[in-house]
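Letters go in sequence order (proteins before strands), and every chain restarts at 1.
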Protein chains: 2
Amino acid sequence: MTRDARDEKLRSRIGGIAQFYDRTGRMPSFSEIGELAGLRSKNAVSKLVLKLERLRVLGRDGKGRLIPGSIAFPVRMLGTVKAGFPSPAEEELADTLSLDELLIRNRDATFMLRVSGDSMTGAGILPGDMVLVDKGQTPRSGDIVVAEVDGEWTMKYLRRRGNSVTLLPANPRYKPIRPRNELRIGGVVTAVVRKYR
Amino acid sequence: MTRDARDEKLRSRIGGIAQFYDRTGRMPSFSEIGELAGLRSKNAVSKLVLKLERLRVLGRDGKGRLIPGSIAFPVRMLGTVKAGFPSPAEEELADTLSLDELLIRNRDATFMLRVSGDSMTGAGILPGDMVLVDKGQTPRSGDIVVAEVDGEWTMKYLRRRGNSVTLLPANPRYKPIRPRNELRIGGVVTAVVRKYR
DNA sequence: CTTGACAGTGAACAATCGTTCACCTTATAC
DNA sequence: GTATAAGGTGAACGATTGTTCACTGTCAAG
């Protein structure tokens, strides 16, 4: 068997395991890996797993049980748009990551809201976009926050000057808001997500 | 024990299991759930798991093995910004989802690129943003694509009129590109992701 | 031609798995 | 007050787990 064919075989096996994990959300057992890879012997699976551990595709936790490695991170990260698409050989070296891990720090305090209205268009937040809001973080000046002003909820830049607070839209057609009464801040916008199709 | 206290206990147990799954990427075994929940008897765990199955927090696959339910989807989805933050009671009813699942259709063909340059600012894609690019989808007119024009990679709107192809920036300071030679399209932009802090 | 290294089969093994049984305690409902 | 359900302990059990050992082909390098 040629080197390329062996590489391809290994790759398809990794793909099979990744698919299994994607589909079920749990790691396959050794026998199941055997079925996926077409191996009858658990020893063969053992050797395969060892190899995948070295490649960081899989890992082990403190108790020696199989945990996902790079297969848990679905997106391959490349460089910049200008760099374009590297060759397949380079692609393998690229880092992989999970969007959940990238964007969510505190899962219990994080919510997703759909944006309505165009008051933040200037900041690249369009109506229909989704924003992740963290209730736990303390809002700093310059943050985009979700706040309740005089009974209505909006999303605006927060500006603090001394002890005065202003809510600044990112659209010149709207005016800054200087809340008269209390200002309830629901959370800090930590990320924006837009889906095209 | 009051009803509220029992609810709170169950909630913290769900949280414990979710944390375990977050941390390790695998489902805990029954004994491990016991440790997490402070239960010495596996029978107690069995009953707890049954309850969590009914709540769709956990599930079973075809082989009867534990798979994650809603705990695999880290973000709670709420309504619109205008709706603001619902009361805690309503929060529980909200859907949960995973950003990976939401944004990635074809994981093998999807890459993430960092945006450099401001030629798509008008479409709400700012320099520094990250875009998900699907190499597998066939580009349609109106899509945002990553393409190589005359040796350089850019991101632009794709416009097809008959059999002429134009690349349209979303910034008036740049001009439309009508590729003279061949046009290599790397992929279709399926999502935009921006992280604030 | 020989010699390793690699990829795989098959079987034995203790450890751990999840299921199930009998039983106990404590609230809540009637 | 007395059922009754809910929440829990503890132990027994067969099934399945992952490790390990001895062994067999097969290819490529020396």
Without swapping roles, check the side chain of B/Tyr157 against the backbone of B/Thr166 for a donor-acceptor pair under 3.5 Å.
no
Just by modelled atom types, is the A/Leu102 backbone N or O under 3.5 Å from a matching donor or acceptor in the B/Lys195 side chain?
yes
For B/Ala170 against B/Ala123, the heavy-atom pair lying closest together
CB-N, 3.6 Å
Global bending angle along the helix from C/dC1-D/dG30 to C/dC30-D/dG1, which compares the axes of five pairs at either end, to 10 degrees
30°
Give me the residues of residues 18-33 of chain A where at least one heavy atom lies under 4.0 Å from an atom of DNA chain D, by number, or none.
A/Ser29, A/Phe30, A/Ser31
Supply the atom-to-atom distance A/Thr190 OG1 to A/Ile104 CD1, rounded to the nearest 0.5 angstrom.
8.5 Å
Indicate whether OP1 or OP2 belonging to C/dG8 is found under 4.0 Å from a side-chain N or O atom of A/Arg13.
yes
Checking B/Thr24 side chain against B/Phe20 main chain: does a donor-acceptor pair fall under 3.5 Å?
yes
Would you state whether a donor and an acceptor, one from the side chain of A/Ser41 and one from the base of C/dG10, lie under 3.5 Å apart?
yes
Can you tell me how far P of D/dT24 sits from CG of A/Leu39, to the nearest Å?
20 Å
Residues in residues 42-64 of chain A with a heavy atom under 4.0 Å of DNA chain D, by number, are A/Lys42, A/Asn43, A/Ser46, A/Arg60
Give a yes or no on whether the backbone of A/Leu99 and the side-chain of B/Asp100 come within a donor-acceptor separation of less than 3.5 Å.
yes
Check the distance between D/dT19's C1' and A/Leu66's CG and give it to me in whole angstrom.
13 Å
B/Arg65 side chain near C/dC17 phosphate (N/O to OP1/OP2, under 4.0 Å):
no
Roughly how far, to the nearest 0.5 Å, is CZ of B/Arg173 from NZ of B/Lys175?
13.0 Å
Could you pull out all residues at least two apart from A/Gln19 that satisfy side chain to side chain donor-acceptor pair (under 3.5 Å)?
none
Are the side chain of A/Ser141 and the backbone N or O of A/Arg160 linked by a donor-acceptor pair below 3.5 Å?
yes
Scan residues 121-133 of chain A for pairs that pass side chain to side chain donor-acceptor pair (under 3.5 Å), counting only residues two or more places apart or in two chains.
A/Asp129-A/Arg194
Without decimals, in angstroms, what is the distance between B/Arg40 CZ and D/dA11 P?
11 Å
Any salt bridge (charged side-chain N to carboxylate O under 4.0 Å, His left out) involving residues 17-29 of chain A? Give me the pairs, sequence neighbours left out, ordered by first then second residue.
A/Asp22-B/Arg107, A/Arg26-A/Glu32, A/Arg26-B/Asp61
